Protein chains: 2
Amino acid sequence: MAATIKDIAKYTGLSISTISKYLNGGNVLEPNKQLIEEAIQTLDFKVNEMARGLRTSRTMTVGVLIPSLKNIFFTSIVSHIESELLKEGYSTIVCDFKEDPDLEEKKLQFLFDKMVDGIVLMPLPGNDNLIKKIIAQQTPLVLIDRLIPNVDCDVVLVDNLNASYNAVEQLIIRGHRRIGIIAGPQNIYTAQERLKGYIRVLEDYGLKVDPSLIKHGDYQIESGYNLLLELIGDEQPPTAVYVTNYEMTIGSIIAINENNIRIPDDLSFIGFDNQDLARIVKPALSIVVQPVQKIGETAAQVLLKRLKKDQRGFPLVTRLKTQLLIRDSIKKLES
Amino acid sequence: MAATIKDIAKYTGLSISTISKYLNGGNVLEPNKQLIEEAIQTLDFKVNEMARGLRTSRTMTVGVLIPSLKNIFFTSIVSHIESELLKEGYSTIVCDFKEDPDLEEKKLQFLFDKMVDGIVLMPLPGNDNLIKKIIAQQTPLVLIDRLIPNVDCDVVLVDNLNASYNAVEQLIIRGHRRIGIIAGPQNIYTAQERLKGYIRVLEDYGLKVDPSLIKHGDYQIESGYNLLLELIGDEQPPTAVYVTNYEMTIGSIIAINENNIRIPDDLSFIGFDNQDLARIVKPALSIVVQPVQKIGETAAQVLLKRLKKDQRGFPLVTRLKTQLLIRDSIKKLES
DNA sequence: TAAAAAAAACGAAACGTTTCGCGTAACAAG
DNA sequence: CTTGTTACGCGAAACGTTTCGTTTTTTTTA
């Protein structure tokens, strides 16, 4: 049905190999160029990627594997990866593993079997072996959001530690001494980093780290809600709270509003990730913003580089800065 | 590098065509079966999908195109589509078009050029021509969430009209007469339907439809926030509000809480889409829940059916019921 | 036990590209 | 006019499957 390179050859009177050469950017005489171009237009010719793939063993396809498609932060990144890859003609096979380590392994294997040309992965802790296998097989792999110790692999990270450090520091500077944190699951790399930043800044300023001010949530709305209530229900409640992801920030906001806690008078607050949310809450929320677009684009660019067999700088560790937006949700305490 | 069917043939002493037959479920003598299976294991053989695709002109790949990857409702559906398709060995190429009609057309063309075996699309209004072209080309296509008039195409819908009807009816039954709606963009099919349901139930109960109670948002958090404030700022504010998507529900909740509006005493409320959110808000929100999983699975199943050349019942219009969860956010008014 | 029928295995062509080595035309230099 | 050089163009093989017509093996039946 569809026109093939053969048809173009027939139409132009040139040989198949000349057409192929032209298609791949080789030198062809000007009049022939024109002719071929004309043929392509009139016959509506499209390269058969499968035939090409069979010859070149490239699929022009990239696999993206994330923990969940129901998390805005992840899918936003995917969105930018996809746009960036598309510019170079790659399509993106997206999978999620529903936060399940077994599924992660299965899907990674699936992508690998599909012979994708490269993979972008947001790994859970633990499956390091499969990752090593992928790398050993020479399939370009870019990790996002998590570093795997002792494994050489390109990775795009956010400087979570300093993100927390800077955020909490602003609270300290404004006189806060009892600062609560709603942290993420203890086995998640980024959550650990964010917690580390919190602890380090307290220590740097000579403040005691009070375990009762550290709450571990599961990055869902509900735990943000519950943990914020726990914090303010403490016998010695914090004067400020720092929440470390988007969903839990929503939950916290709802808890705060429902209990008529005034921000920043009763409680100072720093949230995470979503600018829209921060803007509409009154007073405007202070917030740590992750460079979602930059993360996606960088991951895609690093991968594209590897796909072009450019191995310079391997392994490339890109650490992106977060942005701290200070707005009206922080009160300056008298000291 | 990787083992091919040829290697299996050599290992087993059988011919290539026999191996192929086995791989595709043909009959092979029991001892040979064993032998082949053994060879596959030891040589770690995987079918080269590209070679297969070249022969069969099937890519075992499905394209999914949604308006935005930053919308939880869309990505949740994608998640379920992906799982369902994977069961049958299909991989899912996900694209979004960032709510841009031009981009929608480009990406649809891209998927088509990639020779995906089928497409699942959540269309914006307007691009009906391209859709017709896809259908004409015999590529199986399943639409989600929107019906296109005068085009025969499988489609999975939610009964938005009755969703609204039933929700608002509950408000009416409980004595509400001034009921506000925060509706979606006027050019979006589902938004129109939801608004229609609202209007119809009012008419059925002989209530006047007051245009000042109908607000059109853009399905984003911020507009939910702003429009709720508009509604309650009305000189004759509604006693109940019905909000028609997730993001705007969040926005409304924030507005409500910030302004110390008590639910349900000052205002009765019905939201949309997210059960988590509904559960944690106090008092528990009444809510319209879309069957996200069902939508995704159904779309995938219909597509799989078409991919198997099963054209029975074409065009298949599946209209799924929403669920109405009545909880504590609705007050019974004295009549 | 032989013939017929059924089942299994085989060989070769085809799918639409890319690639490589070779032929040839064009052109410049001697 | 001849030779050397360059740049294009060409033909054929190869990528790893499926498929179809044919041959071989096995099973059934008489």
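Side chains are part of it too, since the values below use all heavy atoms of this structure and drop only hydrogens, waters and symmetry mates. Quick note on labels: first sequence line is chain A, next is B, and so on, each numbered from 1. All values reported here derive from a predicted model rather than from experimental measurement.
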With no hydrogens and no angle check, is any side-chain donor or acceptor of [X] less than 3.5 Å from a backbone partner on [Y]?
X: D117(A); Y: M60(A); answer: yes
X: T59(B); Y: M115(B); answer: yes
X: D96(B); Y: I66(B); answer: no
X: D7(B); Y: T4(B); answer: yes

Using whole Å, report how far [atom1] of [X] lies from [atom2] of [N].
X: E49(B); N: dC15(D); atom1: CD; atom2: C1'; value: 15 Å
X: E30(B); N: dA8(C); atom1: CD; atom2: P; value: 11 Å
X: K46(B); N: dT17(D); atom1: NZ; atom2: C1'; value: 17 Å
X: R58(B); N: dG16(D); atom1: CZ; atom2: C1'; value: 17 Å
X: K6(A); N: dA12(D); atom1: NZ; atom2: C1'; value: 13 Å
X: I5(B); N: dG11(C); atom1: CD1; atom2: P; value: 14 Å
X: L23(B); N: dA9(C); atom1: CG; atom2: P; value: 13 Å
X: N32(A); N: dA25(C); atom1: CG; atom2: P; value: 15 Å

Between [options], which nucleotide gets closest to the side-chain atoms of [X]?
X: L54(B); options: dG16(C), dC10(D), dT17(D); answer: dG16(C)
X: L14(A); options: dT18(D), dC10(D), dA9(C); answer: dC10(D)
X: L29(B); options: dC15(D), dA8(C), dC8(D); answer: dA8(C)
X: S17(B); options: dA12(C), dG9(D), dT17(D); answer: dA12(C)
X: I16(A); options: dT17(C), dG9(D), dT17(D); answer: dT17(C)

Would you say [X] places a side-chain N or O within less than 4.0 Å of OP1 or OP2 belonging to [N]?
X: N27(B); N: dA8(C); result: yes
X: N24(B); N: dT18(D); result: yes
X: R52(B); N: dT18(D); result: yes
X: T18(A); N: dG9(D); result: no
X: S20(A); N: dT18(C); result: yes

Checklist entry - Reckon Y22(B) touches a base, only the sugar-phosphate, or nothing at all at heavy-atom distances under 4.0 Å? => result nothing

Next on the checklist: Counting the atoms with a prime plus P, OP1 and OP2 as sugar-phosphate, which does K33(A) contact under 4.0 Å by heavy atoms, base, sugar-phosphate, or nothing?
Outcome noted: nothing

Item to check | CZ on F74(B) to CD1 on I144(B), rounded to 0.5 Å | outcome: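 Result: 10.0 Å between the selected atoms.
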
Checklist entry - Per the atom types in the model, does the base of dT18(D) pair as donor or acceptor with the side chain of R55(B) at under 3.5 Å? => result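 Yes, a donor-acceptor pair under 3.5 Å.
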
Next on the checklist: Given the structure, check if the side chain of S15(A) and the base of dG11(D) hold any donor-acceptor pair shorter than 3.5 Å.
Outcome noted: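 A donor-acceptor contact between them is absent.
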
Next on the checklist: Could you check whether K107(B) pairs with E82(A) (Lys NZ or Arg NE/NH1/NH2 to Asp/Glu carboxylate O, under 4.0 Å)?
Outcome noted: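 Answer for the salt bridge query: yes.
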
